[in-house]
Colleague: 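This is the structure I have questions about; it appears just below.
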Amino acid sequence: MEEELHVLAVDDNLIDLTTAENGIRALEYLGLGDPQQTDSSNRKNVMKVNLIITDYCMPGMTGFELLKIVKESSNLKEVPVVILSSENIPTRVNKCLASGAQMFMQKPLKLSDVEKLKCQLLNC
């Protein structure tokens, strides 16, 4: 039986929102939230993900900050993280890629971007 894939999408824009409205909520879903503020019922519902797609600019925590925390986690460091941004700022792109992002994609996404990501993830 083929394993189900789980993608955590993080974006503060309600139109683009899929699962988590900010980086702090994403960390809670991933079991990396502040243990002082996370009740035991939330810890039981930790989400297993195969891919994290996050917006760069969000209130409270940027996608870059989320990336750094995920890559520092022993349980999640191998999970690919894709950063999305409507701004094409080369230093931002390079910083994210150097810190372990699988890809940095500019919004709005194009089909060719999605195909490129799919190919990278499936090693084609």
Colleague: Do the side chains of Asp113 and Leu117 get nearer than 4.5 Å, heavy atoms only?
Modeller: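 They are not in contact (no side-chain heavy atoms under 4.5 Å apart), so the answer is no.
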Colleague: Of the non-hydrogen atoms in Gln120 and Gln102, which two are nearest, and what is the gap between them?
Modeller: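 Heavy atoms of Gln120 and Gln102 come nearest at OE1-NE2, 3.1 Å.
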Colleague: Linking I/L/V/M/F/W/Y whenever any side-chain heavy atoms sit under 4.5 Å apart, do Leu76 and Leu97 land together?
Modeller: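 Hydrophobic grouping puts Leu76 with Leu97.
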Colleague: Looking at Leu27, Thr54, Asn22, which hits side-chain contact (heavy atoms from CB on, under 4.5 Å) with Met61?
Modeller: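 Of all the options given, the one that passes is Leu27.
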Colleague: Could you check whether any side-chain heavy atom of Leu30 comes within less than 4.5 Å of a side-chain heavy atom of Val49, counting everything from C-beta outward?
Modeller: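 Sidechains of Val49 and Leu30: in contact.
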Colleague: So Leu121 and Leu51, do their side chains get closer than 4.5 Å, heavy atoms only?
Modeller: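 A side-chain contact under 4.5 Å exists here.
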Colleague: Flag the pair Val93 / Asn88 as yes when at least one side-chain heavy-atom distance between them is below 4.5 Å, and no otherwise.
Modeller: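 Yes, close enough: below the 4.5 Å cut-off.
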Colleague: Listing request: all salt bridge (Lys or Arg N to Asp or Glu O under 4.0 Å) pairs with a residue in residues 79-96, at least two apart in sequence or in separate chains.
Modeller: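 Found Glu87-Arg92.
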Colleague: Evaluate side chain to side chain contact (heavy atoms under 4.5 Å, CB included) for Val82 paired with Ile52, printing each intermediate quantity in order.
Modeller: CA-CA 6 Å; Val82 175; Ile52 298 169; over 6 Å; no
Colleague: Check for a donor-acceptor pair, side chain of Glu72 on one end and backbone N or O of Ile69 on the other, with a separation under 3.5 Å.
Modeller: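 Not a single qualifying donor-acceptor pair exists.
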Colleague: Could you tell me whether Arg25 and Glu28 have a side-chain N and a carboxylate O separated by less than 4.0 Å?
Modeller: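 Counted as a salt bridge, because a side-chain N and a carboxylate O are separated by less than 4.0 Å.
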Colleague: Do you know which two heavy atoms are closest between Tyr29 and Leu8, and how far apart they sit?
Modeller: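 Result for this residue pair: CD1-CD1, 4.1 Å.
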Colleague: What heavy-atom pair brings Ser85 and Asp55 nearest, and what distance separates the two atoms?
Modeller: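 Smallest heavy-atom distance, with atoms named: CA-OD1, 4.2 Å.
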Colleague: How long is the span from the OG atom in Ser73 to the CG atom in Leu32, to the nearest 0.5 Å?
Modeller: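 Separation between the atoms: 4.5 Å.
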Colleague: Taking Lys107 first and then Asp11, would you say they form a salt bridge - that is, a charged N and a carboxylate O separated by under 4.0 Å?
Modeller: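 Looking at Lys107 and Asp11, the cut-off is met.
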Colleague: Does the side chain of Leu84 reach to within under 4.5 Å of the side chain of Tyr56, using non-hydrogen atoms?
Modeller: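 Leu84 vs Tyr56: side chains apart.
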Colleague: Mind running side chain to side chain contact (heavy atoms under 4.5 Å, CB included) on Ile83 and Phe64 for me, showing each step along the way?
Modeller: CA-CA 8 Å; Ile83 308 283; Phe64 177 70; 5.7 Å; no
Colleague: For Leu66 versus Gly23, what's the shortest heavy-atom pair and its separation?
Modeller: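 So the two residues come closest at CD1-O, 4.0 Å.
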Colleague: Out of curiosity, Met105 CE to Lys110 NZ, how far, rounded to the nearest 0.5 Å?
Modeller: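 Those atoms lie 9.0 Å apart.
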